[in-house]
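Below: one structure, written as structure tokens.
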2 protein chains.
Amino acid sequence: MKPTIKDIAARSGVSIATVSRVLSQKTGTYSEKTQAKILRIAKELGYRKNTAAVELVKKRSAVIAVILNATPTNFSTGVIDGIQKRASELGQGVIILYAGNRDAQMLHKAIVTALERTVSGILLTAIEPDDADLTLLKDSGIPFCFVSLYLNQPKILSVSSNNESITSQAVDYLVEQGHTAIALAGIDGYHTGTQRIAGYEAGLKAHGITTSCIKYGDYSYESGRKLLQEFLPLKVTAIITASDMIAAGILNAAQEVGIRVPEDLSLVSIDGTIICNITTPDLTSVTQDFYRIGSRSVDQVMGHDVETFVPVKIEKRGSVKQLER
Amino acid sequence: MKPTIKDIAARSGVSIATVSRVLSQKTGTYSEKTQAKILRIAKELGYRKNTAAVELVKKRSAVIAVILNATPTNFSTGVIDGIQKRASELGQGVIILYAGNRDAQMLHKAIVTALERTVSGILLTAIEPDDADLTLLKDSGIPFCFVSLYLNQPKILSVSSNNESITSQAVDYLVEQGHTAIALAGIDGYHTGTQRIAGYEAGLKAHGITTSCIKYGDYSYESGRKLLQEFLPLKVTAIITASDMIAAGILNAAQEVGIRVPEDLSLVSIDGTIICNITTPDLTSVTQDFYRIGSRSVDQVMGHDVETFVPVKIEKRGSVKQLER
DNA sequence: CTGAAAGCGCTTACAG
DNA sequence: CTGAAAGCGCTTACAG
């Protein structure tokens, strides 16, 4: 049988209240002598605290629930590292719940699981809930925060890059390099995509460019490969891609049909993960700080007042050609 | 205040026992009429089960703890997907605990956390505990299973690829392609590395090759880049790499100094993730079935009798040249 | 098919 | 500094 505080109390001749105080370090409520004895006996017995019992009486568990969807993007590693690190600093555990791929049912189930565990906070990573789930979250009394997704609604916590800024910076950079026929590829049809389109079009407009070209996709390598086909008949000189994977797909498919990057086609990728170093040539990117997005989202959901947008930066590598004007 | 079964009982005029039976679907112990009423009222009140209370009385939580270390490898996604999927099929939640980077303290803390939660099983992914922690696990009464690591000890559950088979197959394939000067690069100094070395040397021996060449590393892209330098003075024609990232690093560093792959140097990578498609040329690999490793580890830890080794396969892509004999 | 009661292992005012 | 007692929200024999 697993030992409990009752066993420790019996062996050490004190009450379970005292054992509890020592074990949960209510400093100042016990003598050093008692502490030493209890700690020794606890160790002897191989005592382990029962978290369920603690959570039941405290009515809140020191755990942050992270809900992820299984999109084919690889950005989540950095985000989760950041979450994990910061959560651990704040004494919070992390529980990961998958929500499938834009699967409303699985998402709902994940949210319910988090609520049933009375977690201290819920982080929704690259997830867009429907109205019912949003209401459920709001009514739960448990703080929640969107991560890597900006809903632009009042009183809703979120931490992400500024998507409009991402694409407008990419346009600025490409125009600076002499490009005017600039496409946007692999974008999704939801909030993130919409915001990126807005920044892209604002960027074009600011430079007096009137032709835009937008292709949708799902962030994956395969999606990038397919998209290249659609660009073949068009005469763009540069493409901004919604992810490193999209960029890699376009790049490789382009090279297979004899289109050289950056000589014939320039690429600016959004994300800036290690993928950008692995391709040949390596990819110029608008780099997101995923680790920081993750760690800051923990602060946000734990009630610390931190900013929503985490800055991005352009990293110049080998996939953009400077054009003659 | 969050409603409890007591509130539902009061409103519906039955006892909390009956409410509990309905809510936990102890079929056959309640009438349809009672069920309907209780379900309706539970919904009206926005009732959520309190998992902590359930776990406390059941003395076991329907959760599998996955302990990961933060190695710079990218294989974990597939493993975790597999774990998540299979766990969900079996009605188990998944909690992820990080153990840092071969950090004994963090690992110990993660194990203790899992034990304190009385999880139904513990999965240690690419983790080697010290003797104290192994004893702790054994004495806990909670089943545990090593994932993507084979300890070769009796009565210890584990699911992984057969490391000896991985490298011996790689050697076989390279010899088949006419290579005899074959190196092994990026290997670790622990169990996995040792087993891969054994398979590599057995493979060489089987083909009467007496010269071996082994370089250690840490599975990362950067590690691969550094390793190429060490190969410069040597005259190997093929390298088996410990991970796709190592392969990518060697590949890119090689191309930068004018060594062509596969013309001047052949590469067989171990892992076979999407990285192999992204590099130029793409990488021939010994592909591990990470998804299956993950899902099978769940079966293993839940007491289903499944095999330890998940088969690997050689995937021929563009990084191996056939030599004249 | 249903209820009264005990109990899971802790924490925490309250009293001393 | 310590103890007795109540209670967190459930489940489950037991009895009917």
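Letters go in sequence order (proteins before strands), and every chain restarts at 1. Note that the coordinates shown come from a computational prediction; the quantities given were computed from them, not determined experimentally.
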Checklist line | Backbone N/O of A:Ser295 and side chain of A:Lys85: donor-acceptor pair under 3.5 Å | finding: no
Note to self: Suppose we screen for ring pair (Phe, Tyr, Trp, His ring centres under 6.0 Å). Which residues come up paired with B:Tyr150, at least two apart in sequence or across chains?
What the structure shows: B:Phe309
Next item on the list: State, yes or no, whether a side-chain contact exists between B:His191 and B:Leu151 at a heavy-atom distance under 4.5 Å.
Entry: yes
Item checked: Polar side-chain atom of B:Asp133 near backbone of B:Asp130 as donor-acceptor pair, under 3.5 Å -> no
Check: What pair of heavy atoms forms the shortest contact from A:Ile293 to A:Val159, and how long is it?
Finding: O-CG1, 3.5 Å
Note to self: Within residues 39-60 of chain B, which residues have any heavy atom lying less than 4.0 Å from an atom of DNA chain C?
What the structure shows: B:Leu56, B:Val57, B:Lys59
Ignoring hydrogens and angles, write down the donor-acceptor pairs under 3.5 Å from the side chains of residues 16-27 of chain A, residues two or more places apart or on other chains.
unit_1  : atom_1 : unit_2  : atom_2 : d
A:Thr18 : OG1    : A:Ser15 : OG     : 3.4
A:Ser24 : OG     : A:Ser20 : O      : 2.6
A:Thr27 : OG1    : A:Gln25 : O      : 3.3

Check: Charged N to carboxylate O below 4.0 Å: is that the case for B:Glu55 and A:Arg117?
Finding: yes
Margin query: Give the dot-bracket line for DNA chain D from 5' end to 3' end: parentheses for intra-strand Watson-Crick or G-U pairs under 3.5 Å, square brackets for crossings, | for inter-strand pairing, dots for unpaired.
Written below: |||.||||||||.|||
Note to self: If you define the side chain from C-beta out and look only at heavy atoms, does anything of A:Arg296 sit under 4.5 Å from A:His304?
What the structure shows: no
Check: Is there side-chain contact between A:Leu115 and A:Leu136, with at least one heavy-atom pair below 4.5 Å?
Finding: yes
Margin query: Base, sugar-phosphate or nothing for A:Ser20? Non-hydrogen atoms, less than 4.0 Å.
Written below: base
Check: Say you pick atom C1' in C:dT12 and the same atom in C:dG16; how far apart are they, in whole Å?
Finding: 16 Å
Check: Between which nucleotides of DNA chain C, 5' to 3', does chain B make heavy-atom contacts below 4.0 Å?
Finding: C:dC1 to C:dG9
Check: What are the residues of residues 24-35 of chain A, sorted by number, that bring a heavy atom to within less than 4.0 Å of DNA chain D?
Finding: A:Gly28, A:Thr29, A:Tyr30, A:Ser31, A:Thr34
Item checked: Which residue lies more 5' along DNA chain C, comparing A:Arg21 with A:Lys2 via nearest heavy atoms -> A:Lys2
Check: Checking side chain to side chain donor-acceptor pair (under 3.5 Å) for the pair B:Asp218/B:Ser220: CA distance, chi angles, key distance, verdict?
Finding: CA-CA 6 Å; B:Asp218 72 359; B:Ser220 72; 2.7 Å; yes
Note to self: What I'd like to find out is whether the side chain of A:Ile8 reaches to under 4.5 Å of the side chain of A:Pro3, using heavy atoms alone.
What the structure shows: no
Note to self: Using a heavy-atom cut-off of 4.0 Å across all strands, would you classify B:Ile16 as base, sugar-phosphate, or nothing?
What the structure shows: base
Notebook entry, point to check: Tell me, do B:Phe290 and B:Val310 make a side-chain contact under 4.5 Å, heavy atoms counted?
Noted result: no
Notebook entry, point to check: Side chains of A:Ile127 and A:Leu149: closer than 4.5 Å at any heavy-atom pair?
Noted result: no
